[in-house]
Every structure is written in structure tokens, then in C-alpha cells.
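Since the structure comes first, as C-alpha cells, the remarks are kept for the end.
Just so we're clear, the structure is a prediction, and the values are computed from it rather than from any experiment.
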Amino acid sequence: MKRLSLGIRPYATDVTACSRCGNPVLLRNSWPLLGGGRICPDCVAEAVEAHQLATATDHELPS
């Protein structure tokens with residue numbers, strides 16, 4: 001499939017959708033993903049919290 005381009009550069013105020021939750025987010029308030037797409041701050045915070053929880057439960061706490 002061939003992608004069409006209008007030759008218009010995106011601006012920081014342009015709106016896109018989060019690849020994880022699908023909510024609209026401004027380009028300046030989102031981060032690019034390695035596999036393409038963008039992720040919103042809420043999903044980043046949720047992913048970090050999940051990673052921290054998984055890390056904490058895998059390790060024994062000192063007594």
C-alpha cells in the first residue's frame with residue numbers, strides 16, 4: 001500500500017490519537033513509540049507504575 005503525503009509538516013498543536021488508549025492528544029504532549037504511533041502522558045505514567053509494581057513484587061524486601 002502506498003502512503004500519500006501532502007508535504008505538510010506536523011505542528012506541536014496538531015492532535016493525534018494515543019496508540020495505547022486511543023484518546024486524542026496533542027503532538028507536544030505525547031511521545032513517539034519505537035513501533036510507530038504515539039503515547040499519551042497518562043499511559044506513560046500507567047506503564048511506569050505497572051513496571052515499578054512488577055519490580056517490587058519480584059524482589060524480596062529486606063527484613
Side-chain angles (χ1 to χ4, degrees):
M1 174 182 277
K2 187 173 183 177
R3 292 185 177 188
L4 299 177
S5 174
L6 297 176
I8 300 172
R9 296 182 60 187
Y11 292 97
T13 54
D14 287 346
V15 177
T16 186
C18 175
S19 297
R20 190 167 186 218
C21 67
N23 290 335
V25 64
L26 294 176
L27 285 179
R28 69 174 169 213
N29 295 338
S30 63
W31 291 270
L33 298 172
L34 293 176
R38 299 192 70 86
I39 190 167
C40 70
D42 292 334
C43 288
V44 169
E46 185 179 315
V48 168
E49 187 176 320
H51 175 71
Q52 289 174 339
L53 181 61
T55 302
T57 57
D58 286 343
H59 297 288
E60 294 181 10
L61 298 174
S63 51

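Here the straight-line distance linking atom CH2 of W31 with atom OG of S19 works out to 13.5 Å at 0.5 Å rounding. Atom SG of C18 sits about 12.0 Å away from atom CG of N29, to the nearest 0.5 Å.
Nearest heavy atom pair, residue C43 against residue R20, reads O-NH1, 2.9 Å.
One hydrophobic cluster, built from ILVMFWY side chains closer than 4.5 Å, holds both I39 and V48.
Across D42, T16, V15, a single residue satisfies side chain to side chain contact (heavy atoms under 4.5 Å, CB included) together with V25, and that is T16.
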